[in-house]
Each structure stands twice: as C-alpha cells, then as structure tokens.
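This report concerns only the one structure given below.
Remember, predicted model here, so these are calculated numbers, not experimental data.
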Amino acid sequence: MIQRHPWREGTPMEEGRTAAGPATAGPPTAGPPTTGPPTTGEPADAPAAVAPLTRAQKTLAAFGGLLFAGLAGLGGYGSFASVRDVAEPWFGDQAWIVPAGVDLGILALVSVALLLEWLAMPMPALRWMAFAFTGATVWLNVSAAHGDATGMVMHAAMPVLFITFIEAVRHAVRRRAGIAAGTVREGVPVARWLLAPVSTFRLWRRMVLWQITSYPRALTAEQRRRRALALLTEHYGRKWKSKAPADVVWMLSDGVMLDEALARVTEITAPKQDPPEQAPEPAPPRRGAPRRKAARPQAPRGVATDNEARALAIIHAEPGITGAELGRRLGISSRQGQRLLSRLTRPAPASASRTPASRASASRASGNGASASRTS
C-alpha cells in the first residue's frame, strides 16, 4: 500500500497552470507540431516596463556626456598630432588623413553600434571593428613614444579611456533595451554557485536552453520538477526511469512542459481505489417452472391494529359516529372509515361467540339426546 505524503495534498496542478489553459492528465494527443522551444509550464516572461529616468539621473547623464565630449576632443587632438608624425614618412603632406580617418571611423562605428543596440538589433561586427580601429590608434600613439615606457602609457591612456566610456554606454543601452524586450536573462547569485555548483549549472543551462529570463521562475520550475522526481522514486523506486513512461522521463529530465508532466505523475502515483462490490444477479427462472405472482403490498399489521384500537376507542366514546367522521379522525378516506366502522360494529356470529367449553357441553348434550331417542 502506498503511503501518502504531505506533498500529495492539493490538486496536481497547484503550482501553476499556464495561461493557455488547464493541462490534461491523459496522454498527449497527436496534433500539428508547435514552433519555438518547449515551455517549462511557467507563464511566458512578459516584457517589463522600463522605469523612466529621474531628473537627477538625466542631469548626471548630461554631465557625463559633456565630460566624454571633452575627453574625446582632447584625446583626438593629442592622437592626431602623434599619429600624423608617425605617418608622415609614408604620406608626406597628406599624413593628416590617417589620424582623421581613423578617429572619424571609430566615432561612426561606435554611434551605429549604439543605435542598433538601442533598437534591440545588435551587430557584434561593428563593435569588434571599432575595437580594431581603437587598437590601431593606441599602437600608433605608442609608436610615437619611441620605446619610452612613460611616453607609451601617456599616449595609450586617452584612447583606452575613450573605449572604456563607450563600452559603459553600450552596456547601459543594451540592458535597458533588453529589459524592455524581455530578453535580458537574470543572473544566478554567486552564493548558489558556491553552495551547489552542479545543480546550479543545470539550472543555468535550462535557463539558457529554454529562454527563461526570470531567475525566480526558474527556481519554481526546478522545485516542481524535483517534487515529481520524488513521487516517481517513491512509486517505482530508484530505477524509475526504466519503469515510468518515456515522455514523462523526457519532460522531467529536460525540465520542459512541467504542467503536463506533474499531471501525469500525479495520475500515475495516485493510490488506486478498489471498485465497489456488486450484488449477485438473480438466477434466471427455469423453463416450465410456474411463475409466482408478485404479492400485493399490504398495509403493515401494526398500522391496522393501531387504527382499529383508535377506532374502537372513538366508537366506544361516541356510539353514533359516522364512517366519514371516523375516517377524518383516523386520517384515512371516508370509504375506508365506513368499512372500518361496519367491521367493528358488526355483531359476532353465534358460533364464533361460543367458548370451547360451551361447544363441548353442547356436543355432549346432543349426543345424549340422540342415544335417548334410539332407546325409545
């Protein structure tokens, strides 16, 4: 007999039904294949509303933009002179084209990359191309120092600051655009990685594979999956994977379609109730056997006796009562009251009124009379 545990209480779908409707407990029906990754049974993560910037945040962003513009201007001016001097042996009077083209190319690539990130259409090639041009600028600036370590650091400082600021802006834009589109996946806390690295990696893997962007929803799905595993282990034992249905094993192993999986597991592991015992059917009558007529229903003897006792009391108190009045007092029809009145007031026959002793003495007297007549 299977022992019930607290986790069995409640409906099988208590951890959540999807917005598409209640999951069925029966086997999956055949139908057209659905597009997209399998769901975990949790509602789809709706895009979160991005909170608008406050006045203080806008002021701080404007101040940072001014500083960035100043950094870009100073860095471009210093880089322009250094790179022009380095390129002058090969370009002569046209050496200014090299620093101007490189700096303008970096600004153009960075601007387009930020715009695409804002529109949730990132293009990594633009970022890496901007990094390549920035690296080339840093190399040309370092070459102008002619091997002096201090000069190399000073020439490389401003380009590095420039690209660092651009990456910070790109991260902020990409994060806000991803939150608005519902595609930003929340990270797993470091403490969980340290305490349970194996299970945390599996949880993170399912979040990546099935596009679960919410960490709390991923935790809820994992708890429901482990509950189903506990039920199957209790029902089948440690080798439940070889005994449970194949589709249920797949759902629980990959962590998908958990609503249907939990419904199936609850149905499989529920204790079976014995069917109610049915009364044996009567044997069919034999051929040629006389059929018994069904007895007519009669009034209970106790009821009739009570009515007669009450009727006798009423007749004794009121000798001239009618049958209709007697029936009304007894709660029966007038006709039945008249019959009861006639039966109770009818004089008893002479033979019925004699006692056994009188009947015996009468028979002896008649016998003596007959013998006297024969003697005479």
Side-chain angles (χ1 to χ4, degrees), residues 7 14-16 18 36-54 56-58 60-61 63-64 67-68 110 113-114 116-128 130-131 134-135 157 160-233 250-259 261-262:
W7 59 60
E14 62 190 353
E15 285 78 13
T18 59
T39 61
T40 61
E42 292 291 329
D45 295 335
V50 181
L53 296 177
T54 62
Q57 291 173 341
K58 292 180 180 179
L60 185 59
F63 182 69
L67 294 179
F68 172 70
V110 167
L114 289 177
L116 292 180
E117 291 283 357
W118 202 334
L119 298 177
M121 296 184 298
M123 187 175 179
L126 294 178
R127 291 179 54 219
W128 296 115
F131 288 165
T134 304
V160 171
L161 287 175
F162 175 80
I163 201 63
T164 302
F165 187 87
I166 290 298
E167 277 300 301
V169 174
R170 185 197 67 82
H171 172 75
V173 171
R174 183 178 183 181
R175 186 75 179 182
R176 289 183 65 85
I179 293 175
T183 57
V184 175
R185 184 174 59 255
E186 298 179 2
V188 181
V190 179
R192 181 179 175 88
W193 284 102
L194 296 176
L195 296 176
V198 178
S199 61
T200 302
F201 173 75
R202 294 174 180 172
L203 176 66
W204 173 82
R205 179 176 177 270
R206 279 190 288 270
M207 291 179 64
V208 175
L209 290 178
W210 311 129
Q211 299 180 3
I212 305 175
T213 59
S214 174
Y215 174 67
R217 291 186 184 278
L219 283 181
T220 302
E222 178 66 13
Q223 293 170 0
R224 299 166 64 207
R225 190 184 74 89
R226 293 192 179 187
R227 172 179 177 266
L229 295 180
L231 291 176
L232 290 177
T233 304
W250 169 74
M251 294 176 193
L252 296 177
S253 299
D254 287 357
V256 297
M257 302 172 66
L258 293 181
D259 283 337
L262 278 175

With distance as the sole test, does W210 use its side chain to make a donor-acceptor pair with the main-chain N or O of D254 at under 3.5 Å?
yes

Is the side chain of R225 donor-acceptor paired with the backbone N or O of L252 at a distance under 3.5 Å, no angle test?
yes

Work out which heavy atom in [X] is nearest to a heavy atom in [Y]; give both atom names and the distance.
X	Y	result
A221	L258	O-CD1, 3.3 Å
L203	A218	CD1-O, 3.6 Å
L53	K58	O-CE, 3.5 Å
F165	G64	CZ-O, 3.7 Å
S214	P216	OG-CD, 3.3 Å
M257	W250	SD-CZ3, 3.9 Å

Looking at [atom1] of [X] and [atom2] of [Y], how far apart are the two atoms once the value is rounded to the nearest 0.5 Å?
X	Y	atom1	atom2	result
M207	R217	CE	CZ	11.5 Å
L116	M121	CG	CE	5.5 Å
F68	F162	CZ	CZ	4.0 Å
R227	L262	CZ	CG	6.0 Å

Got a sec, which residues hit side chain to side chain donor-acceptor pair (under 3.5 Å) with [X], two or more places apart in sequence or on another chain?
X	answer
T134	none
R192	T200
R226	E222

Any side-chain heavy-atom pair from R224 and D259 closer than 4.5 angstrom?
yes

With sequence neighbours left out, write down each residue that passes side-chain contact (heavy atoms from CB on, under 4.5 Å) with V198, or none if nothing qualifies.
R202

By side-chain contact (heavy atoms from CB on, under 4.5 Å) - contacts of F131 (at least two apart):
R127, W128, I163, E167

With sequence neighbours left out, write down each residue that passes salt bridge (charged side-chain N to carboxylate O under 4.0 Å, His left out) with E186, or none if nothing qualifies.
none

